[in-house]
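A note on names: the letters A, B, ... follow the listed sequences, proteins ahead of strands, and every chain is numbered from 1.
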Amino acid sequence: MAKVNVSIPQGTRDFNAETVRKRNYIFNTIRKVFEIYGFQPLETPSMENLDTLMGKYGEEGDKLIFKILNNGLDNPDKHTLVKAEFEKVLEGKNNKNITERALRYDLTIPFARYVAMNHGQLTFPFKRYQIQPVWRADRPQKGRYREFYQCDADVVGSNSLLNEVELTNIYATVFRKLEIEVEIRINSRKILAALAELCGGADKMMDITIAIDKLDKIGLDKVKDELIQRGLTNDQIIIIEKYLSIDGSNEDKLTSIASLFGTNELGNKGLEEIKHILSNFTTKETKLTIDFTLARGLNYYTGTIFEIKAIGVQMGSIGGGGRYDDLTGLFGVPNIPGVGISFGVDRIYDVMEELKLFPEAVQSGTKVLFFNLGDSESKAAFGLMQQLREQDIACEMYHENAKFDKQFKYAEKKNIPYIIILGSKELEENNCVVKHLTTSTQQTVSMSTLIDYVFL
RNA sequence: GAGAUUGUAGCUCAGUUGGUUAGAGCGCUAGUUUGUGGCACUAGAGGUCGGGGGUUCGAGACCCCUCAUUCUCCCCA
């Protein structure tokens with residue numbers, strides 16, 4: 001046998017029929033909910049100009065953007081230029097003469113770019129959903145791929161908290177439909193900013209959030225170590241420790257933090273928003289939890305932030321999002337606030353696989369296999385098959401006249417529930433035998449009434 | 001970017017302190033069985049032991065390099 005020596009790039013995958021069907025089940029569920037909430041689809045190119053993406057995801061994010069090498073670098077006329085410019089790349093700088101395009105890193109920034117380009121034509125508030133792959137040059141590991149799908153829903157052009165409420169309900173609805181038990185965690189960048197203000201250094205917000213975000217992973221002591229490393233004073237750390245010690249039910253947390261914040265304006269604004277979302281959230285069977293340690297790495301968020309944690313499995317967040325005041329401002333169109341959420345399909349798939357949540361019915365392929373029992377027999381069978389196909393019944397015919405054994409085994413392997421036998425005897429009598437393989441029962445049906453046969 | 005892990009048949013994996021011709025289960029092909037599958041039995045095909053180099057009389061096993069996998073940290077969906 002020939003030795004196969006090909007592979008696919010690290011962190012990418014092929015999807016077989018079974019996997020595609022399961023993935024489509026997830027896509028369709030999410031898409032349907034998006035549509036029901038009044039969002040409309042958008043697709044953007046796989047690649048963007050590098051400038052559009054760079055600097056939007058933080059320093060780490062920039063490193064994870066897949067850059068595309070320009071074409072025509074081998075043009076002899078440009079060799080001197082290209083070599084000189086490549087030196088700059090080696091210094092870690094991006095250079096248009098070497099790379100000017102990159103693969104999409106997420107769906108939010110391309111959306112902001114789209115809104116900035118088309119704001120004159122759009123009706124606001126503009127609600128769009130987008131289901132497309134994104135690419136990250138990350139080291140693959142559990143639940144982490146270099147090519148994966150995101151399903152985003154965003155509303156731009158509105159400051160209303162109704163949007164947050166709607167998006168929270170979308171999360172709850174989708175995961176209820178998929179039967180995944182989740183906890184929706186919310187927080188607000190305003191609350192984090194207020195904490196930074198209380199510590200006397202609004203400029204320290206990034207340092208504080210990065211450190212406290214790790215609380216559940218590394219524990220309080222190490223968070224404190226990191227805060228010291230990041231240059232915070234003892235007094236400041238005492239305040240942060242108080243903040244981190246807030247626990248209990250949503251109500252308890254709100255009470256505790258209100259006393260910590262006192263009259264801090266920004267903090268109270270954030271709290272009011274959180275309260276509003278909590279009190280208007282209608283899908284009561286899903287947990288909606290305040291998590292004051294939730295920070296999220298993307299630095300464009302300014303208000304409410306969300307993250308989804310699946311219960312009962314060890315997996316990073318399977319969804320996230322938040323409010324951003326001025327994302328299009330990055331592209332020269334200010335004053336269009338927005339809020340959005342994202343579903344991580346590949347992680348959702350992994351969670352559902354682990355918890356065995358995919359319904360059996362997802363795997364519905366061919367329903368009927370017509371046996372091939374000779375030239376004139378298969379010709380008659382072919383006619384019948386086309387009739388069934390007209391009725392939207394998925395059929396196929398065995399590709400050649402082979403022994404029963406083979407044809408049966410083919411049906412079994414492909415999980416085809418029905419087979420139809422049309423041999424010389426049936427041809428003569430103008431009928432065929434319909435056999436249900438799962439129950440091992442069969443009946444003779446006349447050719448003219450096969451079209452009325454009910455295949456379950 | 002840092003660290004660890006695994007790599008043997010199509011798949012899942014054995015393979016003793018280094019020792020003759022590398023095994024099992026499942027799957028595959030054929031037959032028992034030219035119009036009724038799943039079961040059983042019989043026979044058969046299929047392996048550069050990830051790749052390269054080294055140590056040795058002798059390497060699937062030990063050493064070095066390399067590629068790939070999976071996982072952890074960082075960060076994220």
Task: Touch class at under 4.0 angstrom, heavy-atom based, for A:Lys214 against every strand present - done: sugar-phosphate
- [ ] Classify the nucleic acid contact of A:Asp346 as base, sugar-phosphate or nothing, counting any heavy atom under 4.0 Å across all strands shown.
- [x]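 No contact.
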Starting at [atom1] of [X] and ending at [atom2] of [N], how long is that distance when rounded to a whole Å?
{"X": "A:Ile308", "N": "B:C76", "atom1": "CD1", "atom2": "P", "answer": "16 Å"}
{"X": "A:Ile210", "N": "B:C75", "atom1": "CD1", "atom2": "P", "answer": "7 Å"}
{"X": "A:Asp138", "N": "B:A77", "atom1": "CG", "atom2": "P", "answer": "11 Å"}
{"X": "A:Tyr301", "N": "B:C76", "atom1": "OH", "atom2": "C1'", "answer": "11 Å"}
{"X": "A:Asn16", "N": "B:G10", "atom1": "CG", "atom2": "P", "answer": "19 Å"}
{"X": "A:Tyr145", "N": "B:C75", "atom1": "OH", "atom2": "P", "answer": "21 Å"}
{"X": "A:Glu147", "N": "B:A77", "atom1": "CD", "atom2": "P", "answer": "17 Å"}
{"X": "A:Ile180", "N": "B:A77", "atom1": "CD1", "atom2": "P", "answer": "17 Å"}

TODO: Verify the contact: side-chain N or O of A:Gln141 to OP1 or OP2 of B:U72, cut-off strictly under 4.0 Å; return yes or no.
DONE: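 Checking A:Gln141 against B:U72: at least one side-chain N or O falls below 4.0 Å of OP1 or OP2.
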Open item on the list: At less than 4.0 Å, is any side-chain N or O atom of A:Lys413 found next to OP1 or OP2 of B:C28? Yes or no.
Closed with: yes
- [ ] Indicate, yes or no, whether a donor-acceptor pair under 3.5 Å links the base of B:C75 to the side chain of A:Arg296.
- [x]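 Check fails, no donor-acceptor contact within cut-off.
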- [ ] Using only heavy-atom distances, decide whether a donor-acceptor pair under 3.5 angstrom links the side-chain of A:Arg144 to the base of B:C75.
- [x] yes
Could you check which nucleotide pairs with [N] in any of the strands shown, counting Watson-Crick or G-U wobble with both distances under 3.5 Å?
{"N": "B:G25", "answer": "B:C11"}
{"N": "B:G58", "answer": "none"}
{"N": "B:G1", "answer": "B:C73"}

Pairwise [atom1] distance for [N] and [M], with rounding to whole Å:
{"N": "B:G1", "M": "B:U69", "atom1": "P", "answer": "14 Å"}
{"N": "B:C13", "M": "B:A22", "atom1": "C1'", "answer": "14 Å"}
{"N": "B:G58", "M": "B:U20", "atom1": "C1'", "answer": "10 Å"}
{"N": "B:G51", "M": "B:C11", "atom1": "P", "answer": "15 Å"}
{"N": "B:G54", "M": "B:G46", "atom1": "P", "answer": "31 Å"}

TODO: Kindly state whether the ring of A:Phe343 and the ring of A:Tyr171 have centres lying under 6.0 angstrom apart.
DONE: yes
- [ ] Mind checking side-chain contact (heavy atoms from CB on, under 4.5 Å) for A:Thr439 and listing every partner two or more places apart, or none if nothing turns up?
- [x]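 Testing A:Thr439 for side-chain contact (heavy atoms from CB on, under 4.5 Å), a comparison that skips the adjacent residues, returns A:His436, A:Thr441.
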Task: Residue list, side-chain contact (heavy atoms from CB on, under 4.5 Å) with A:Ala411, at least two apart or on another chain - done: A:Leu369, A:Ile416, A:Ile419, A:Leu437
Task: Test item: A:Arg146 side-chain N/O and A:Asp138 main-chain N/O as donor-acceptor pair under 3.5 Å - done: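 Such a contact is found between A:Arg146 side chain and A:Asp138 backbone.
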Open item on the list: With a 3.5 Å distance limit and no angle check, can you tell me whether A:Asn163 reaches the backbone of A:Gly338 through a side-chain donor-acceptor pair?
Closed with: no
Open item on the list: Testing the 3.5 Å rule here: is there a donor-acceptor pair between the side chains of A:Gln130 and A:Arg128?
Closed with: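 Yes, A:Arg128 and A:Gln130 have a side-chain donor paired with an acceptor closer than 3.5 Å.
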Open item on the list: On RNA chain B, compare the nucleotides closest to A:Gly316 and A:Arg139; which residue's is nearer the 5' end?
Closed with: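 Its nearest nucleotide being more 5', the pick is A:Arg139.
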Task: A:Tyr398, A:Phe408, A:Tyr410 screened by ring pair (Phe, Tyr, Trp, His ring centres under 6.0 Å) with A:Phe371, the one that passes - done: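 Between A:Phe371 and the candidates, ring pair (Phe, Tyr, Trp, His ring centres under 6.0 Å) is satisfied uniquely by A:Phe408.
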Task: Where A:Leu427 and A:Ser376 come nearest, the two heavy atoms and their spacing - done: CD2-OG, 3.8 Å
- [ ] Classify every nucleotide of nucleotides 32-38 of chain B by which part a protein heavy atom approaches to under 4.0 Å, writing B for the base, S for the sugar-phosphate alone and - for neither, in 5'-to-3' order.
- [x] ---BBBB
